[in-house]
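The next block holds one structure in the form of structure tokens; read it before the comments.
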Protein chains: 2
Amino acid sequence: MTTQPSETVETRRPLNKERVLKAAIDLADREGIRALTMRRLAEELGVEAMSLYYHVSNKEALLDGVVDMIVGEINSELATIDVPRPEDDWKRAMRMRILTAREMMLRHRWAPNVIEERTTISPQMVLYFDGLIEIFHRGGLSYDLAHHAMHALGSRALGFTQELFEPDEQAEPDVSSDAMLETMSDHVPYLVAMLNDITHDEPETTLGWCDDQTEFLFGLDLILDGLERRGEEADGA
Amino acid sequence: MTTQPSETVETRRPLNKERVLKAAIDLADREGIRALTMRRLAEELGVEAMSLYYHVSNKEALLDGVVDMIVGEINSELATIDVPRPEDDWKRAMRMRILTAREMMLRHRWAPNVIEERTTISPQMVLYFDGLIEIFHRGGLSYDLAHHAMHALGSRALGFTQELFEPDEQAEPDVSSDAMLETMSDHVPYLVAMLNDITHDEPETTLGWCDDQTEFLFGLDLILDGLERRGEEADGA
DNA sequence: ACCTGAACACCGTTCAAGT
DNA sequence: ACCTGAACACCGTTCAAGT
């Protein structure tokens with residue numbers, strides 16, 4: 001008869017798939033994706049682990065659902081914002097869409113890795129991609145070019161890139177990398193030179209300390225500009 | 001005194017870290033990354049699971065080592081091939097390097113996901129990146145632009161992109177996606193139109209059936225061309 | 001319709017011990 | 001120096017059973 005610690009009385013109503021997925025996202029946000037186990041999630045919901053299987057057929061399905069819900073939230077948000085008509089400025093329309101998706105990814109830092117591990121296709125993701133293709137098409141790009149564009153964007157279409165040298169989520173200061181570069185400087189002279197050159201103004205900067213947002217935009221605009229030019233070349237020919 | 005089934009007599013010499021890592025890569029190649037558990041790997045080597053901990057401090061370290069070994073192989077291979085001097089044609093030099101890395105990734109399809117999950121920096125990876133920066137620098141790009149370039153390339157620098165809609169490794173034919181698109185065609189008209197347009201010549205083609213290599217090259221060249229132009233703009237100003 | 005208990009076959013890892 | 005046995009604290013999941 002006692003209420004579970006993390007449960008208020010009003011949430012003690014019967015579970016459903018939506019509440020399970022919401023709780024899973026919440027748990028991953030708070031404690032990282034490693035903490036998202038069936039047993040731990042059940043505990044969070046004040047229920048036995050096996051109860052989850054009534055609402056979700058297994059853990060893979062849980063993760064599929066989680067991804068679908070997050071992309072669904074992106075789609076909902078996109079419906080509320082004002083974007084230019086693609087016929088007028090498809091690059092800006094595309095940019096705004098992708099940056100909206102990116103905000104969601106930054107709120108759920110674990111999501112990119114989960115998304116990339118999925119093998120099934122999320123219906124919400126299909127809807128999202130349809131929206132991107134619409135922009136390309138109405139912007140005047142051929143479907144052929146739009147197809148190349150989707151591949152060229154890759155995960156950037158969803159607002160994230162994999163930073164290969166990004167340190168851990170809540171990383172320790174990691175002074176070792178400074179010392180390491182020092183000792184390696186004979187072996188990696190160009191890398192060291194580049195870092196020295198970059199860190200001129202911002203003294204705090206080192207490997208992985210870069211401004212992600214700036215770099216994301218640089219890469220995104222590089223691709224969008226390139227696509228625009230290929231479109232013009234095709235029109236000219 | 002009996003020899004383990006998967007062991008020839010000559011490999012029954014004492015273990016070392018290198019042999020452990022090699023066996024791990026082998027196992028992942030043959031049976032997928034999910035099969036790479038400490039216990040299964042030990043079995044493969046004809047040894048108890050706990051013996052592995054003598055050579056590698058834990059599973060994370062094992063995966064770190066595996067990644068480092070694979071990138072190391074890329075580096076070795078790069079030392080043997082003829083590339084143009086960056087001063088003469090940095091784009092081609094870069095392209096060849098990256099495509100060499102890509103060949104390795106295609107031989108170890110599970111590697112991209114493992115690489116992206118690592119949080120520690122692999123020494124061999126640092127060497128590899130130094131080589132890329134060398135090409136940009138000797139090709140005449142500023143270190144600032146080279147830095148942007150590394151971010152813009154992202155995982156493409158290592159020869160892979162995450163195909164968001166790629167089906168499973170050894171995927172079943174998956175006729176469902178055809179049927180699914182049929183029923184969804186009202187909701188995703190642009191996606192359907194794009195696919196119809198593309199599949200004109202190659203009747204087999206559908207979502208995820210695209211020619212990865214062609215698309216990889218399209219995206220790579222789009223970025224390299226864009227970088228070249230930004231470099232010229234900077235020179236001109 | 002919704003949830004549980006007991007059980008199974010797996011994980012990674014520790015620690016003290018063997019040769 | 002190299003390997004092992006026994007044990008621990010976890011996983012996901014099944015299945016028959018409870019209300």
Side-chain angles (χ1 to χ4, degrees), chain A residues 1-7 9-24 27-28 31-67 110 113-114 117-120 168, chain B residues 1-7 9-24 27-28 31-67 110 113-114 117-120 168:
Chain A
M1 261 324 102
T2 61
T3 320
Q4 294 298 325
S6 57
E7 284 289 323
V9 177
E10 61 163 346
T11 60
R12 239 341 337 221
R13 63 194 184 281
L15 238 45
N16 56 43
K17 185 167 181 182
E18 203 197 341
R19 271 186 65 217
V20 170
L21 297 180
K22 272 212 172 81
L27 178 56
E31 307 189 18
I33 191 67
R34 310 279 291 267
L36 177 52
T37 68
M38 297 301 272
R39 291 169 132 102
R40 182 81 176 69
L41 176 57
E43 190 186 332
E44 209 71 14
L45 287 161
V47 109
E48 295 301 314
M50 303 73 204
S51 309
L52 298 177
Y53 287 86
Y54 186 81
H55 301 98
V56 90
S57 58
N58 54 35
K59 191 173 182 185
E60 290 296 298
L62 173 74
L63 293 176
D64 285 344
V66 157
V67 166
W110 46 270
N113 267 324
V114 175
E117 275 170 353
R118 299 297 81 208
T119 74
T120 58
D168 212 340
Chain B
M1 263 320 106
T2 61
T3 320
Q4 294 298 324
S6 57
E7 285 286 324
V9 177
E10 60 161 346
T11 61
R12 240 334 345 215
R13 62 194 186 281
L15 238 43
N16 56 42
K17 184 167 179 180
E18 203 196 341
R19 271 187 63 217
V20 170
L21 297 181
K22 273 212 173 80
L27 179 54
E31 307 189 17
I33 193 66
R34 310 279 293 266
L36 177 52
T37 69
M38 297 301 271
R39 291 169 132 100
R40 183 79 176 68
L41 176 57
E43 190 186 332
E44 209 71 12
L45 287 160
V47 109
E48 295 299 315
M50 304 73 204
S51 309
L52 298 177
Y53 288 86
Y54 186 80
H55 300 99
V56 91
S57 57
N58 53 35
K59 189 170 182 185
E60 291 295 299
L62 173 74
L63 293 175
D64 285 344
V66 156
V67 166
W110 46 271
N113 267 324
V114 174
E117 274 170 354
R118 300 297 82 207
T119 75
T120 59
D168 213 340

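Remember, it's a predicted structure, so these values are computed and weren't measured experimentally.
Classification of A:E43 and A:R39 as a salt-bridged pair fails, no side-chain N sitting under 4.0 Å from a carboxylate O.
Between A:M38 and A:M50, every side-chain heavy-atom pair lies at or beyond the 4.5 Å cut-off.
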Inset, instruction - Using the side chain to side chain contact (heavy atoms under 4.5 Å, CB included) rule, take B:L27 and B:E31 through it: C-alpha gap first, then chi angles, then the decisive distance, then the call. - result: CA-CA 6 Å; B:L27 179 54; B:E31 307 189 17; 4.0 Å; yes

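The neighbour count for B:K59 NZ, taken as heavy atoms of other residues, nucleotides or ligands under 6.0 Å away, is above 12. Counting non-hydrogen atoms of neighbouring residues, nucleotides and ligands closer than 6.0 angstrom, the CD atom of A:E18 reaches no more than 12 such neighbours.
Of the candidate nucleotides D:dC2, C:dC3, D:dG5, D:dG5 has the atom nearest to the side chain of B:E48. Nearest nucleotide to the side chain of A:P14, out of C:dT4, C:dC2, D:dA1: C:dC2.
A donor-acceptor contact shorter than 3.5 Å links the side chain of A:H55 to the backbone of A:L15.
A side chain to side chain contact (heavy atoms under 4.5 Å, CB included) with B:L21 holds for exactly one of B:N16, B:V66, B:L41; it is B:V66. Considering A:V114, A:V56, A:T120 in turn, A:T120 is the only one that fulfils the side chain to side chain contact (heavy atoms under 4.5 Å, CB included) rule with A:D64.
Side-chain nitrogen and oxygen atoms of A:S51 include at least one within less than 4.0 Å of the OP1 or OP2 phosphate oxygen of C:dT4. Side-chain nitrogen and oxygen atoms of B:H55 include none within less than 4.0 Å of the OP1 or OP2 phosphate oxygen of D:dA1.
Between the CG atom of B:L15 and the P atom of D:dC2 there is a distance of 10 Å, rounded to whole Å. Taking atom CG of A:L45 as the reference point, atom P of C:dC2 lies 15 Å away to the nearest angstrom. Taking atom NZ on A:K17 and atom P on C:dA1, their separation rounds to 18 Å, with Å as the unit. Atom CD1 in B:I33 sits about 13 Å away from atom P in C:dC11, given to the nearest Å. Rounding to whole angstrom units, CG of residue B:L41 and P of C:dC11 are separated by 12 Å. With rounding to whole Å, A:L52 atom CG is found 14 Å from C:dG5 atom P.
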Inset, instruction - Fill in the dot-bracket string of DNA chain D, one character per base: . for unpaired, | for a pair to another strand, ( ) or [ ] for pairs within the strand, taking Watson-Crick or G-U pairs under 3.5 Å. - result: ||.|||||...|||||.||

Can you give me the N/O atom pairs linking the protein to nucleotides 12-16 of chain D at distances under 3.5 Å, or say none if there are none?
residue: D:dG12; atom: OP1; partner: A:M38; partner atom: N; Å: 3.2
residue: D:dG12; atom: OP1; partner: A:K59; partner atom: NZ; Å: 3.1
residue: D:dG12; atom: OP2; partner: A:M38; partner atom: N; Å: 3.0
residue: D:dG12; atom: N7; partner: A:R39; partner atom: NH1; Å: 2.3
residue: D:dG12; atom: O6; partner: A:R39; partner atom: NH1; Å: 3.2
residue: D:dG12; atom: O6; partner: A:R39; partner atom: NH2; Å: 3.4
residue: D:dT13; atom: OP2; partner: A:Y53; partner atom: OH; Å: 3.0
residue: D:dT13; atom: OP2; partner: A:K59; partner atom: N; Å: 2.8

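Taking both residues in full, the closest heavy atoms of A:R40 and A:A35 are given as CG-O, 3.3 Å, listed atom of the first, atom of the second, then distance.
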